[in-house]
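The next block holds one structure in the form of structure tokens; read it before the comments.
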Amino acid sequence: MDIHEYQAKEILSNFGVAVPQGALAYSPEQAAYRAREMGGSRWVVKAQVHAGGRGKAGGVKVCDSDAEIQSATEGMFGQKLITHQTGPEGKGIYRVYVEAAVPIEREIYLGFVLDRASQRVMIVASGEGGMEIEDISAERPDSIVRATVEPAVGLQEFQCREIAFALGIASGMVQQMVRTLQGCYRAFRDLDATMVEVNPLVITGDGRILALDAKMTFDDNALFRHPQISELRDKSQEDPRESRAADRGLSYVGLDGNIGCIVNGAGLAMATMDTIKLAGGEPANFLDIGGGATPERVAKAFRLVMSDKNVQAILVNIFAGINRCDWVAEGVVQALRENPVDVPVVVRLAGTNVEEGQKILAQSGLPLIRATTLNEAAERAVAAWRSDMKTNSNLRAVQ
Ligand code: GDP
Ligand code: MN
């Protein structure tokens, strides 16, 4: 789960990381009021969306008066901000953060990630702040400093000092850097984050080290033990298909193809998507309905998959190990009787009680396309999608 910049800054600041003074606003009037309240003569207004690259996309503006803040934010609220990280549909701006502008002397990149190879939290830093890490590693790989944290002892002060020296931080400011690194690390560890990124971390003209931008991502599977973090979830920033799925306890990732997938088990769902592609089709989604695959879950899955307007055929692929094919078949039949769908549905069942399952499907009277193997199922789904496209375009031609 992602959170907003202002939320990440509040969290990091509670862990001892210094951040600029700032306040949140939900309207242009409030943004201008926040600046007056804060005082000073120069502010930065920042669109709060779950994506980076806002600066280049017009989502970060430096303003010299509250009138300027009002007009700058009037152009932001309710708009979609499109950055290289949002995709072409962009993300809606419903909150802006107003910050006291700071005199930047140097920009540093600082990231905390999970390094799967070493199975450790890894710190990645570079003196080339402000640039995206992908660009830094392509253009200035030699500038990147890395350190891994030994979990038994945590991030050590000497490691922080080494990073500070490698970045060329003046000796009088090393202690601030140590505090910043340890604060970020503790926030990462204590809150089960999977990523903390401060880009840029700045050194100001008056000798302070401040997190000017902050991004945090949390492990969804650990949110249950951090209710205060779960509450920061902002559905306006999520793919609506994915938030509906999360609300229903289904694991769904929206994709761009036309063949909807309903599968039990993440591995089988991946294999199903691969096989669809191999058969010449494009999956519309990843969906793991879980081991249970009860009629209710199957019905929910159909509604979810059908809420994607691009879906022109559905492939149901269920392997019943602990489950039973006849129950799953009942579920499919019940779901389709209650909520008929207007696209071809291919069903492939395998495992326990498969014959009974097939019988239920055959006797249901529903226009289901049955398949025995996964290859066959994928080929039939692709063929059904192609002929469905043809029929529909013929229909359109007749109209
Ligand atoms: P991002 O583009 O989404 O990563 O947004 P950032 O918060 O990183 O802002 C982008 C850029 O705006 C930063 O790299 C800075 O160069 C600039 N910026 C942000 N805040 C300030 C500020 O307080 N003062 C000045 N001078 N520049 C700022
Ligand atoms: Mn940034």
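Source: prediction; values computed, not measured. We count ligands from 1, going down the list as the structure has it; atoms in each ligand are counted the same way. Numbering starts at 1 and runs along the sequence shown. Atom set for the values below is all heavy atoms of this structure, side chains included, hydrogens, waters and symmetry mates excluded.
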Look at atom 17 (C) of ligand 1 and say whether a protein heavy atom is found at less than 4.0 angstrom from it. no
Would you check if there is a donor-acceptor pair between the side chains of Asp234 and His50 at a distance under 3.5 Å? no
Does any donor atom in the side chain of Asp206 or Thr204 lie under 3.5 Å from an acceptor atom in the other side chain? yes
Salt bridge (Lys or Arg N to Asp or Glu O under 4.0 Å) evaluation trace for Lys300 with Glu296: CA-CA 6 Å; Lys300 275 183 195 170; Glu296 294 73 33; over 6 Å; no
If you apply the rule salt bridge (Lys or Arg N to Asp or Glu O under 4.0 Å), what do you find for Glu5 with Lys215, and how did you get there? CA-CA 6 Å; Glu5 171 198 4; Lys215 215 169 154 184; over 6 Å; no
Residue, atom name and distance, where the atom is the protein heavy atom closest to atom 11 (C) of ligand 1: Val60 CG1, 4.8 Å
Assess whether a salt bridge exists between Lys359 and Glu355, defined as any Lys/Arg side-chain N lying under 4.0 Å from an Asp/Glu carboxylate O. no
With Glu99, which of Lys9, Gln21, Arg34 fulfils side chain to side chain donor-acceptor pair (under 3.5 Å)? Lys9
Within 4.0 Å of some non-hydrogen atom of Gly52, the atoms of ligand 1 are 3 (O)
Polar-atom distance check: Gly53 versus ligand 1, any N or O pair below 3.5 Å? yes
Return yes if a side-chain donor-acceptor contact under 3.5 Å exists between Glu132 and Tyr109, otherwise no. no
Donor-acceptor pair between Ser126 and Ser143 side chains, under 3.5 angstrom: yes
Any ion pair linking Arg233 and Glu238 (charged N to carboxylate O, less than 4.0 Å)? yes
How far is atom 7 (O) of ligand 1 from its nearest protein heavy atom, and which residue and atom name does that atom have? Lys46 NZ, 2.6 Å
Contacting atoms of ligand 1, where contact means under 4.0 angstrom from a heavy atom of Asp213: 1 (P), 4 (O), 5 (O), 6 (P), 7 (O), 8 (O)
Could you list which atoms of ligand 1 come closer than 4.0 Å to a heavy atom of Asn199? 8 (O)
Identity and separation of the nearest protein heavy atom to atom 2 (O) of ligand 1: Gly55 N, 2.7 Å
Identify which of Glu107, Lys215, Lys61, Met131 has a heavy atom lying nearest to atom 13 (C) of ligand 1. Glu107
If I take every N, O or S atom of Glu197, is at least one of them less than 2.8 Å from the Mn ion (ligand 2)? no
the protein heavy atom lying closest to atom 20 (N) of ligand 1 turns out to be Leu212 CD2, 3.4 Å
So which protein heavy atom does atom 25 (C) of ligand 1 come closest to, and at what separation? Ile104 CD1, 3.5 Å
Can you tell me the protein heavy atom closest to atom 1 (P) of ligand 1 and the distance? Arg54 N, 3.5 Å
Protein contact of atom 22 (C) of ligand 1 - nearest heavy atom, named by residue and atom, plus distance: Val44 CG2, 3.3 Å
Taking Val316 as the starting point, is it possible to reach Leu255 by hopping between hydrophobic residues whose side chains are less than 4.5 Å apart? no
Nearest protein heavy-atom contact for atom 24 (N) of ligand 1: which residue, which atom, what distance? Val102 O, 3.4 Å
Looking at the Mn ion (ligand 2), which N/O/S atom of Asp213 is the nearest one? OD2
